[in-house]
Number of protein chains: 2
Amino acid sequence: MLFLHKHPMINQNIKIAVDAIVFGYHNGIVYVLAVQQKFGKLANHWVLPGGFIRDDEPLIQGVERELQEETGVTVSYLEQLKTFGDDVARDERFRVISVAYFALVNPKNFVLKADTDAKNAKWFAIKDVPKLGYEHNEMVQLAHARLKNKLTYQPIGFDLLDQEFLFSDLENLYCSILEQDIDRRNFRKKILSFGILEETGKVVKKGSSGRPGELFSFDKEKYDQLLKDNFQFEIKFA
Amino acid sequence: MLFLHKHPMINQNIKIAVDAIVFGYHNGIVYVLAVQQKFGKLANHWVLPGGFIRDDEPLIQGVERELQEETGVTVSYLEQLKTFGDDVARDERFRVISVAYFALVNPKNFVLKADTDAKNAKWFAIKDVPKLGYEHNEMVQLAHARLKNKLTYQPIGFDLLDQEFLFSDLENLYCSILEQDIDRRNFRKKILSFGILEETGKVVKKGSSGRPGELFSFDKEKYDQLLKDNFQFEIKFA
DNA sequence: TTATATTTGTGTAAATAATACGCAAATATA
DNA sequence: TATATTTGCGTATTATTTACACAAATATAA
């Protein structure tokens with residue numbers, strides 16, 4: 001921090017922004033939330049939701065505010081991903097450094113409400129994400145890698161599912177996000193062995209045929225308790 | 001990014017800095033590099049090396065520059081850790097947002113050269129890190145957790161050792177950083193099974209007695225090659 | 001009504017990996 | 001020459017992962 005005091009007048013022309021990579025899941029497909037820019041150099045281009053941080057606003061709060069303003073979406077999981085900002089010439093007026101956040105929404109918040117805020121927002125299947133402005137495609141790629149990776153060592157899959165779900169839902173989520181075949185029986189055994197699922201007792205039939213299945217829910221309290229005893233969530237596959 | 005275009009005059013009074021948590025290792029003890037602040041409100045206080053980023057400088061380059069200026073230390077591993085900046089009142093003139101970097105030095109660069117740059121720099125044993133300015137203790141804690149964790153799934157331990165090392169060196173490094181007992185024989189078997197070590201053929205005796213041991217070195221090329229075939233480095237202990 | 005397709009729930013044997021050890025070889029020192 | 005110390009290697013036991021089969025509950029078609 002010597003620089004500060006050697007040169008009391010800091011002449012730094014950098015603005016700081018936050019951007020969010022928000023993932024949703026529906027029917028075996030992972031979606032990313034993007035917004036269409038209205039004005040400026042990138043008008044009509046798709047970009048990630050985000051914007052400049054306010055002076056008195058914590059970073060994470062800034063992300064939530066921008067998400068609300070631009071898309072109306074409320075997320076169920078939010079964590080810092082990485083700070084980008086080496087594209088020195090991104091904006092002609094000043095350099096922009098952007099703190100990217102990784103977020104998940106559950107199905108309840110997946111449908112975009114047709115209010116004014118969400119007019120320019122859209123879910124893109126991860127395979128069909130268009131070329132985005134700034135370094136946003138790079139951010140999506142990194143976030144996607146984080147999603148795949150984190151799914152195997154942290155129970156974040158539940159944030160993409162309904163509060164109550166069938167085992168087949170959970171299994172399909174893992175299969176499609178990890179792009180792998182999973183043995184249904186071993187998967188069930190493994191997850192159940194953790195003891196972090198609650199049986200709701202409810203039984204429901206999903207498709208048009210087949211035996212009805214039991215609904216489960218994620219027992220977060222139990223999970224947090226287990227964490228204290230050095231419990232390690234982990235799903236691996238051959 | 002709508003905010004930008006709704007309000008073309010962005011009135012943001014935030015400065016962006018970088019800070020480094022640099023770890024060194026010597027004789028079973030983990031050290032952190034700190035510098036003593038000369039001027040300003042925190043004069044004489046210890047802080048992490050770092051400083052304000054320049055307008056045209058990539059973040060990582062800024063870290064390397066500050067490290068060089070303030071400590072003369074060259075790191076062998078450097079990666080972004082997390083961006084801090086929710087302490088809105090850290091500086092009375094402007095808010096500071098700091099991108100923290102996680103770094104490792106090998107023993108060759110562990111000794112601080114007594115040139116002007118390094119006068120105010122010092123290695124603190126991780127257990128004896130004093131109260132640092134700003135959010136720097138929080139940064140150290142997070143970085144320490146990352147070090148422990150990463151050691152188990154990425155071969156970063158070699159960055160803290162000499163280029164050529166005995167198996168007992170590697171084992172002691174793991175024991176002391178993870179604060180765990182490790183079975184010497186199983187550890188050796190496991191590491192060797194990865195096929196990422198090169199036998200130098202050299203034999204050397206470490207202490208004053210005992211059978212001389214063989215020197216090994218980390219074969220980075222082999223490791224990078226294995227990564228392409230979905231190889232996963234992983235060390236776990238009961 | 002009966003047969004068929006579909007989905008769920010449970011169990012077990014085989015293969016693989018992790019753990020817990022014992023002992024000989026090579027050196028310094030007493 | 002005996003003892004302490006450190007290295008190098010091997011094997012039995014235990015735990016975990018993987019592969020795989022069949023019955024139960026439902027909808028639909030014959």
Side-chain angles (χ1 to χ4, degrees), chain A residues 27-28 151-153 161-162 164-176 178 180-217 226 229-238, chain B residues 27-28 151-153 161-162 164-176 178 180-217 226 229-238:
Chain A
N27 273 153
L151 202 62
T152 68
Y153 67 84
L161 289 180
D162 279 316
E164 300 190 337
F165 51 86
L166 294 168
F167 235 104
S168 53
D169 294 330
L170 189 63
E171 184 203 325
N172 286 330
L173 178 103
Y174 271 82
C175 283
S176 44
L178 299 178
Q180 279 187 46
D181 287 337
I182 298 174
D183 183 276
R184 188 172 59 83
R185 297 154 291 186
N186 292 337
F187 178 75
R188 185 190 180 102
K189 231 183 309 179
K190 184 74 180 174
I191 296 274
L192 284 178
S193 76
F194 294 149
I196 56 175
L197 290 194
E198 206 167 15
E199 306 181 17
T200 64
K202 299 175 201 167
V203 168
V204 82
K205 54 184 188 294
K206 177 121 183 206
S208 59
S209 78
R211 173 173 170 174
E214 193 183 347
L215 286 173
F216 290 87
S217 67
L226 284 168
D229 305 333
N230 271 68
F231 166 73
Q232 169 77 340
F233 179 92
E234 188 158 41
I235 300 283
K236 283 198 177 160
F237 306 102
Chain B
N27 273 155
L151 201 65
T152 68
Y153 67 84
L161 290 180
D162 279 316
E164 300 189 336
F165 52 85
L166 295 169
F167 235 104
S168 52
D169 294 330
L170 189 62
E171 185 204 324
N172 287 331
L173 178 102
Y174 270 82
C175 284
S176 45
L178 299 178
Q180 278 187 47
D181 287 338
I182 298 173
D183 184 275
R184 189 173 58 85
R185 296 151 291 187
N186 292 337
F187 178 77
R188 185 188 179 104
K189 233 183 305 178
K190 183 75 181 176
I191 297 275
L192 283 177
S193 76
F194 294 149
I196 56 175
L197 291 194
E198 206 168 14
E199 305 180 17
T200 65
K202 299 175 201 166
V203 167
V204 81
K205 54 183 186 292
K206 178 122 184 204
S208 58
S209 77
R211 173 172 171 175
E214 193 182 347
L215 285 174
F216 290 87
S217 67
L226 284 168
D229 304 333
N230 271 69
F231 166 73
Q232 169 77 340
F233 178 91
E234 189 159 40
I235 300 283
K236 284 200 177 163
F237 306 101

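Just so it is clear: chains get the letters A, B, ... in the order the sequence lines come, proteins before strands, and each one is counted from 1.
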R188(A) has its side chain closest, among dA20(C), dT10(C), dA25(D), to dT10(C)
Closest heavy-atom pair and its distance - Q232(A), F194(A): O-CE2, 4.5 Å
Can you tell me how far C1' of dC9(D) sits from CG of N186(B), to the nearest Å? 12 Å
Whole angstroms only, please: what is the CZ-C1' distance between F165(A) and dT8(C)? 16 Å
Side chain Y174(B), main chain Q180(B), donor-acceptor under 3.5 Å: no
D169(A) has an atom CG; how far is it from atom C1' of dT7(C), in whole Å? 12 Å
Considering heavy-atom distances to DNA chain C, does F216(A) or K189(A) have its closest nucleotide positioned more toward the 5' end? F216(A)
D181(B) CG to dA20(C) C1': how many Å, rounded? 14 Å
Does D183(A) reach the main-chain N or O of R185(A) with its side chain, forming a donor-acceptor pair under 3.5 Å? yes
Can you measure L215(A) atom CG to dT8(C) atom P for me and round it to whole angstrom units? 11 Å
For the pair made of CZ in F187(B) and C1' in dA20(C), what is the distance, rounded to whole Å? 17 Å
Starting from P on dA21(D), measure out to CG on D183(A) and report it in whole angstrom. 11 Å
Out of dG10(D), dT27(C), dT10(C), minimum distance to the side chain of R185(B) belongs to dG10(D)
Nearest to the side chain of R211(A) - dT7(C), dT10(C), dT7(D)? dT7(C)
Counting side-chain heavy atoms from C-beta on, which of dA20(C), dG8(D), dA21(D) comes nearest to R184(A)? dA21(D)
Taking OP1 and OP2 of dT7(C), is either one under 4.0 Å from a side-chain nitrogen or oxygen of K205(A)? no
Within the 4.5 Å heavy-atom criterion, are V203(B) and L215(B) side-chain neighbours or not? no
dT7(C) P sits how many Å from N172(A) CG, rounded? 10 Å
Should dA30(D) form a Watson-Crick or G-U wobble pair with both distances under 3.5 Å, which nucleotide is its partner? dT1(C)
Are K206(B) and dT6(D) close enough that a side-chain N or O sits under 4.0 Å from OP1 or OP2? no
Strictly distance-based, threshold 3.5 Å: is any side-chain N or O of N172(A) a donor or acceptor partner for the main-chain N or O of D169(A)? no
Nearest nucleotide by nearest heavy atom, which residue falls closer to the 5' end of DNA chain D, F167(B) or P212(A)? F167(B)
Just name whichever nucleotide pairs with dT8(C), Watson-Crick or G-U, keeping both distances under 3.5 Å, else none. dA23(D)
